[in-house]
Amino acid sequence: MVVLTAKNVTADDFRLLAGQADRVLQKAGLSYSDVSATLKTLYVTASIKSR
């Protein structure tokens, strides 16, 4: 699971999501190409692991 949020994620938020999300991305400071590249990498990694 990937979480993409515009919220400022606190340390407590990260702890809450630990073990439940593969990646937590904060929208601030990320371009669409950054988000796209991260999602592509996660998809490829998941595809390889499922083989």
Side-chain angles (χ1 to χ4, degrees):
M1 174 173 63
V2 175
V3 176
L4 176 60
T5 182
K7 179 184 180 209
N8 290 329
V9 180
T10 66
D12 286 337
D13 294 329
F14 275 110
R15 280 193 290 279
L16 180 67
L17 292 167
Q20 296 179 24
D22 294 307
R23 186 74 50 96
V24 177
L25 301 173
Q26 294 184 75
K27 187 177 167 187
L30 289 177
S31 68
Y32 287 113
S33 61
D34 291 336
V35 172
S36 177
T38 300
L39 292 175
K40 183 177 180 181
T41 299
L42 290 169
Y43 176 77
V44 169
T45 302
S47 295
I48 292 169
K49 286 182 180 179
S50 68
R51 290 183 185 175

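Note that this is a predicted model, so its numbers are computed, not measured.
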Residues that S31 engages under side-chain hydrogen bond (donor to acceptor under 3.5 Å, both in side chains), provided they are two or more places apart:
S33, D34

Should we say atom OH of Y43 is surrounded by more than 12 heavy atoms from elsewhere, each under 6.0 Å from it?
no

Check the hydrophobic clustering (I, L, V, M, F, W, Y; side-chain heavy atoms under 4.5 Å; chains of links allowed) and say if V2 and V35 are grouped together.
yes

Could you state whether L39 and L4 fall into the same hydrophobic cluster, counting links through intermediate Ile, Leu, Val, Met, Phe, Trp or Tyr residues with side-chain heavy atoms under 4.5 angstrom apart?
yes

Output a table of donor-acceptor pairs, distance under 3.5 Å, between side-chain atoms of residues 6-13 and any protein atom two or more places apart or on a different chain; print 'none' if there are none.
| unit_1 | atom_1 | unit_2 | atom_2 | d |
| --- | --- | --- | --- | --- |
| K7 | NZ | D13 | OD1 | 3.2 |
| K7 | NZ | D13 | OD2 | 2.8 |
| T10 | OG1 | D12 | N | 3.4 |
| T10 | OG1 | D13 | N | 3.0 |
| T10 | OG1 | D13 | OD2 | 3.1 |
| D12 | OD1 | R15 | NH2 | 2.1 |
| D13 | OD2 | T10 | N | 2.9 |

Just verifying a value: how many Å separate L42 CG and R23 CZ, rounded to the nearest 0.5 Å?
4.5 Å

